[in-house]
Amino acid sequence: MARPHENPSPDAAAPRVRRTGHPVGGTVPAITGAAAPGVVPGRSRGGSGGGAGAVARSRGIPPTDARNRRISDALEAWFAREARDLPWRRGRTAWSALVAELMLQQTQVSRVVPAFDRFMARFPAPADLARADDETLLTHWAGLGYYRRARLLRAAAAHIDAVCGGTVPRDASALRRLPGVGRYTAGAIASIVFGAREAIVDGNVTRVLARLEARRERADDDAGVRWTWARAESLVRASASPGVFNEALMELGATVCTRAQPACTACPLRRECRAAGLEDAGAPASIPPPKPAAVRRPLHIDAVAVIERGRILLERRPESGLWAGLWQMPARESAKAGGHDALLRWTRDHLPGWRPAAAPLHAFPHATTHRAVVIRVWRGERQATGSGRDRVSSDRVWQRLTVLDERPMSSAHRRAIEHAVALLPAGTRRDRGSA
DNA sequence: AACGCGTGGAC
DNA sequence: TGTCCAAGCGT
């Protein structure tokens, strides 16, 4: 796991530092070691430092400031005790953090855990990823969804390799110039890896802060987003260690202040939480209100399983759109369900020499965020057209069934193929040597 | 600036 | 079971 090159994280071990019962308001040991070179100064903590802070204290700290400090102290102390042991928190470097953050965009931790170490082992430095071909790249991203992120990460790696001398930038503004790195990701890396006093807002933070201040409205719109970022910024200004605070805020949302059943009795912010004090029963769980259901457009996919001598015919999807660049069985796609006749016409044009069997082998639904997909799998039958070897266009391949996992595919299409192979006669599955 | 982009956990 | 949504970003 040691990744000795480039950007060792100053506070990689921060959550694990000894916190022998420091009460809220005490100084935070060691994690301020994140105040390494290049850190945005921000507010210094704990001491009786001169300047405006001391003046403010002598006149009485504004309530919001005191509250912000209580919140950030309690949260950081909680995180020091309760932080989960996650792969990207071990031996963290800026590169490993960048990989983790891209993978974690709109993706749950449990999905990323198995993929992360494989990816890092294959691409230990930006230069390794910058040179990767599509197949290798997407294979290592398989199952994570939102495959465009993989290409953006590769583009970021290429930028780092070519423009930044192989080193991940330190500033949020420089990080934001990397493909795939937006406001959240830049702030996360700048703060968590480099200790910069940058705020972050993700889904967890949005929910936690709305509950903390009993802000009942959804924060999707412009005003809501502005409010959330402003609140996050005021808290990170008060925090002892911005990176620890930011990670703790997300962790709280992921493990305690969850969407449906928040564990308020276990929450370190219970005393500060304004939703917890609301009259209506179960108030925190009702914030924010659910978003109205989005319409899912139907998509019907009729895939033809063309299998011979232990090989299956695969085609590559277009470079943009759904499942961009991934492999699948030759398939007809349409907004409305088509019958056998429609598929037969389609195969005449797109799959000469083959035709679909009379009835599908299998059919199953698959939902994406915006689509209600129905996939039907048909067995491909030889047409008696006599000619020799089929012409296979450049974006199609005969793929050996024994090494199917070499081809990056969506989960949906991989499942379709597994069904097809399982249901076919054993003879067609057998590999009869080379050819 | 609204929309497209995957997959599966949780309830 | 259907529904919401998760360490968002690019266009």
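Basis for what follows: all heavy atoms, side chains included, without hydrogens, waters or symmetry-related copies. Below, read A as the first sequence line, B as the second, and so on, with proteins coming before strands; counting in each chain starts at 1. Bear in mind the structure is a predicted one, so any value in this text is a computation, not a measurement.
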- [ ] Looking at every strand, decide which applies to Leu249(A) at a 4.0 Å heavy-atom threshold: base, sugar-phosphate, or nothing.
- [x] nothing

Open item on the list: Does Thr107(A) reach a base, just sugar-phosphate, or nothing at all? Heavy atoms under 4.0 Å.
Closed with: base

- [ ] Assign Gly143(A) to base, sugar-phosphate, or nothing according to its heavy-atom contacts below 4.0 angstrom with the strands shown.
- [x] sugar-phosphate

- [ ] Classify the angle between the aromatic ring planes of His419(A) and Phe364(A) as parallel (below 30°), tilted (30 to 60°) or perpendicular (above 60°).
- [x] tilted

- [ ] Between Gly180(A) and Glu101(A), name the one whose nearest nucleotide on DNA chain C is closer to the 5' end.
- [x] Glu101(A)

Task: Parallel, tilted or perpendicular: rings of Phe116(A) and Trp88(A) (30°, 60°) - done: perpendicular

- [ ] Please determine if a side-chain N or O atom of Trp323(A) lies less than 4.0 Å away from the OP1 or OP2 oxygen of dT7(B).
- [x] yes

Open item on the list: Heavy atoms only, 4.0 Å cut-off, all strands: where does Arg207(A) land among base, sugar-phosphate and nothing?
Closed with: sugar-phosphate

Task: Between P of dT7(B) and CZ of Arg415(A), the distance in whole Å - done: 10 Å

- [ ] Answer yes or no: is there a donor N or O on one side and an acceptor on the other, between the side chain of Arg270(A) and the main chain of Thr265(A), under 3.5 Å?
- [x] yes

TODO: State whether the side chain of Thr107(A) and the backbone N or O of Gln105(A) hold a donor-acceptor pair below 3.5 Å, judged by distance alone.
DONE: yes

TODO: Take atom CG of Leu153(A) and atom P of dG10(C), then tell me their distance rounded to the nearest Å.
DONE: 12 Å

Open item on the list: Below 30° counts as parallel, above 60° as perpendicular, anything between as tilted: where do the rings of Phe119(A) and His140(A) land?
Closed with: perpendicular

TODO: Mark yes or no: Arg154(A) above the aromatic ring of Trp141(A), with NZ or CZ under 6.0 Å from the six-membered ring centre and no more than 45 degrees from the axis.
DONE: no

TODO: Would you classify Thr185(A) as touching base, sugar-phosphate or nothing, given that sugar-phosphate means primed atoms plus P, OP1 and OP2, and contacts are heavy atoms under 4.0 Å?
DONE: sugar-phosphate

- [ ] Measure the distance between the ring centre of His370(A) and the centre of the six-membered base ring of dC3(B), then answer whether it is under 5.5 Å with planes under 30°.
- [x] no

Task: Donor-acceptor pair (no angle test) under 3.5 Å: Thr369(A) side chain, dT7(B) base - done: yes

Open item on the list: Looking only at the side chain of Arg89(A) (C-beta and beyond, no hydrogens), which of the listed nucleotides dC11(B), dC5(C), dA7(C) gets closest?
Closed with: dA7(C)

Task: Presence of salt bridge, Arg345(A) and Asp349(A), under 4.0 angstrom - done: no

Open item on the list: Using whole Å, what does the distance between atom C1' of nucleotide dC3(B) and atom CD of Gln106(A) come to?
Closed with: 13 Å

- [ ] Identify whether any heavy atom of Val205(A) sits under 4.0 Å from a base atom; if not, whether one sits that close to sugar-phosphate; answer base, sugar-phosphate or nothing.
- [x] nothing

Task: Same-atom distance (C1') from dA6(C) to dG6(B), integer angstrom - done: 12 Å

TODO: Return no unless some side-chain N or O of Arg148(A) is found under 4.0 Å from OP1 or OP2 of dG8(C).
DONE: no

TODO: Tell me which nucleotide among dG9(B), dG8(C), dC5(C) gets nearest to the side chain of Arg111(A).
DONE: dG9(B)

TODO: Can you figure out which of dC5(B), dG8(B), dG8(C) approaches the side chain of Ser411(A) most closely?
DONE: dG8(B)

Task: Selection from dG6(B), dG8(C), dA7(C) that lies nearest to any side-chain heavy atom of Met250(A) - done: dA7(C)

- [ ] Looking at every strand, decide which applies to Ala188(A) at a 4.0 Å heavy-atom threshold: base, sugar-phosphate, or nothing.
- [x] nothing

- [ ] Using the C1' atom on both, measure dA2(B) against dA7(C) and round to a whole Å.
- [x] 23 Å

- [ ] Side chain of Arg259(A) only, please: which of dA7(C), dG8(C), dC4(C) is the nearest?
- [x] dC4(C)

TODO: Take the protein atom CZ of Arg149(A) and the nucleotide atom P of dT7(B), then report the distance between them rounded to whole Å.
DONE: 11 Å

- [ ] Taking only the side-chain heavy atoms of Leu322(A) (C-beta and beyond), determine which of dT7(B), dG6(B), dC9(C) contains the nearest atom.
- [x] dG6(B)

- [ ] Between dA1(B) and dG10(C), how far apart are the C1' atoms? Round to whole Å, please.
- [x] 12 Å

- [ ] Figure out the NZ/P separation between Lys291(A) and dC3(B), and round it to whole Å.
- [x] 10 Å

Open item on the list: Go nucleotide by nucleotide along DNA chain C from the 5' end; which of Gln108(A) and Leu152(A) gets its closest nucleotide reached first?
Closed with: Gln108(A)

TODO: Could you check how far CD1 of Ile189(A) sits from C1' of dC9(C), rounded to whole Å?
DONE: 13 Å

Open item on the list: Check the phosphate of dT7(B) against His366(A), side-chain N and O only, distance under 4.0 Å to OP1 or OP2. Yes or no?
Closed with: yes

TODO: Could you state the atom-to-atom distance from CG of Leu178(A) to P of dG8(C) in whole Å?
DONE: 18 Å

Open item on the list: Within the 4.0 Å heavy-atom criterion, would you say Arg218(A) contacts the bases, only the backbone, or no part of the nucleic acid?
Closed with: sugar-phosphate

Task: Closest to side chain of Arg297(A), choosing from dG4(B), dC9(C), dT7(B) - done: dG4(B)

Open item on the list: Using whole Å, what does the distance between atom P of nucleotide dT7(B) and atom CE of Met103(A) come to?
Closed with: 15 Å

Task: Ser110(A) vs Gln105(A), nearer the 5' end of DNA chain B by closest nucleotide - done: Gln105(A)

Open item on the list: On DNA chain B, does the nearest nucleotide to Met409(A) precede the nearest nucleotide to Asp222(A) from the 5' side, or the other way round? Give the residue.
Closed with: Asp222(A)

- [ ] Select base, sugar-phosphate, or nothing to describe what Ala100(A) touches, counting heavy atoms under 4.0 Å on all strands.
- [x] nothing

Open item on the list: A cation-pi test, strictly: NZ or CZ of Arg407(A) under 6.0 Å from the centre of the six-membered ring of Trp327(A) and no more than 45 degrees from its axis. Yes or no?
Closed with: yes

- [ ] Could you tell me whether the phosphate oxygens of dT7(B), OP1 or OP2, come under 4.0 Å of any side-chain nitrogen or oxygen in Tyr147(A)?
- [x] yes

